[in-house]
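Report on the following structure.
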Amino acid sequence: MARDRKTARKSKAKKEVNGSPEAGESAAKKSKVAEKKEENSTYTRWLMKSEPDSRIENGIDVKFGIEDLKKETNQTACWDGVRNYQARNFMRDKMKKGHKAFFYHSNCKVPGIAGIIEIVKEGYADHTQFDKKELHFDSSSKVDKPKWFMVDVKFVRMTKRFISLPELKTIHLKHKTEGGPLANVSLFTKARLSVMPLTEAEYDFILELENTDPVDKSCTPETTPSDT
DNA sequence: GCCAACGTTGGC
DNA sequence: GCCAACGTTGGC
């Protein structure tokens with residue numbers, strides 16, 4: 001079924017840290033308030049990052065772009081390898097079948113949104129945490145009490161054009177000062193999260209961009225009309 | 001390849 | 001439970 005060379009690249013085996021059931025996850029209790037709010041929120045739209053370019057980590061290629069998802073059986077794959085508690089919680093507790101997400105290309109020449117995917121299977125144990133040969137093996141996780149979770153996603157379609165990070169950032173900055181739907185978008189307020197929620201307003205606004213010209217044409221090198 | 005930002009670990 | 005040291009993410 002779903003292959004498993006997803007990315008959302010991550011760390012290697014972690015130290016054993018046990019004691020409390022969820023040891024580790026309270027480590028970063030920065031904004032307890034914000035996190036509580038998040039726990040109680042319902043989201044239906046997401047942004048999921050993956051690396052489209054080859055990059056070898058511990059001898060394993062971490063590449064998994066939207067073109068790779070398309071090639072999977074049923075154009076469906078499990079989103080394994082996420083090793084961040086916040087992202088884990090979203091996949092384990094919040095993502096539901098039928099939710100839509102943007103497939104975001106990270107760690108590449110021009111990062112940005114390449115397409116749309118759909119959640120087709122809700123949170124279940126990420127098998128790669130139990131396999132020593134896997135990049136994201138976690139010796140502290142037990143089969144009867146998995147620490148890491150993943151979902152299955154299915155390719156829906158490419159966006160009509162690539163929506164680059166620089167373009168999104170320009171809009172985000174504008175909305176921050178003048179107000180607008182992307183004023184607080186997680187892509188910039190939680191830049192390092194690989195799985196993040198979007199409000200429907202954020203999602204709809206971004207999606208509408210595919211019907212417009214890029215704010216700054218220099219941000220979309222691929223799409224220059226070159227003929228004639 | 002660099003490095004800022006931020007998450008995690010572990011000593012105290 | 002604080003916080004310094006360390007590790008990772010990911011843009012640039």
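Everything quoted here is computed from the prediction, not taken from an experiment.
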To the nearest angstrom, how far is [X] atom [atom1] from [N] atom [atom2]?
X      : N      : atom1 : atom2 : value
A:L187 : B:dC6  : CG    : P     : 14 Å
A:K147 : B:dT8  : NZ    : C1'   : 11 Å
A:L193 : C:dT8  : CG    : P     : 17 Å
A:E167 : C:dC12 : CD    : C1'   : 18 Å
A:K109 : B:dG1  : NZ    : P     : 16 Å
A:N107 : B:dG1  : CG    : C1'   : 12 Å
A:R55  : C:dT8  : CZ    : C1'   : 10 Å
A:E51  : C:dC12 : CD    : C1'   : 15 Å

Sugar-phosphate only, base, or nothing, as touched by A:F188 at under 4.0 Å among non-hydrogen atoms: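 It contacts nothing in the nucleic acid.
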Closest non-hydrogen atom pair between A:I60 and A:L135, with its separation: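 So the minimum-distance heavy-atom pair works out to CD1-N, 3.7 Å.
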Residues forming a side-chain hydrogen bond (donor to acceptor under 3.5 Å, both in side chains) with A:E208, sequence neighbours excluded: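 Checked A:E208 against side-chain hydrogen bond (donor to acceptor under 3.5 Å, both in side chains); matches are A:N211.
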Residues forming a side-chain hydrogen bond (donor to acceptor under 3.5 Å, both in side chains) with A:E210, sequence neighbours excluded: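 Testing A:E210 for side-chain hydrogen bond (donor to acceptor under 3.5 Å, both in side chains), a comparison that skips the adjacent residues, returns A:R157.
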Distance flag, aromatic centroids of A:Y85 and A:W148, threshold under 6.0 Å: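 Between A:Y85 and A:W148, which both carry aromatic rings, the centre distance is below 6.0 Å.
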Nearest to side-chain heavy atoms of A:N84, which nucleotide of C:dG10, C:dC12, B:dG7: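 From the listed options, B:dG7 comes nearest.
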Any N/O donor-acceptor pair, A:R192 side-chain to C:dT8 base, under 3.5 Å: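 When only heavy-atom distances are counted, A:R192 does reach the base of C:dT8 through a donor-acceptor pair under 3.5 Å.
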Residue-phosphate contact under 4.0 Å: A:K169 side-chain N/O, C:dC12 OP1/OP2: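 It does, given that an N or O in the side chain of A:K169 lies less than 4.0 Å from OP1 or OP2 of C:dC12.
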Short side-chain N/O contact from A:Y85 to OP1 or OP2 of B:dT9, under 4.0 Å: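 For B:dT9, neither OP1 nor OP2 has a side-chain N or O of A:Y85 closer than 4.0 Å.
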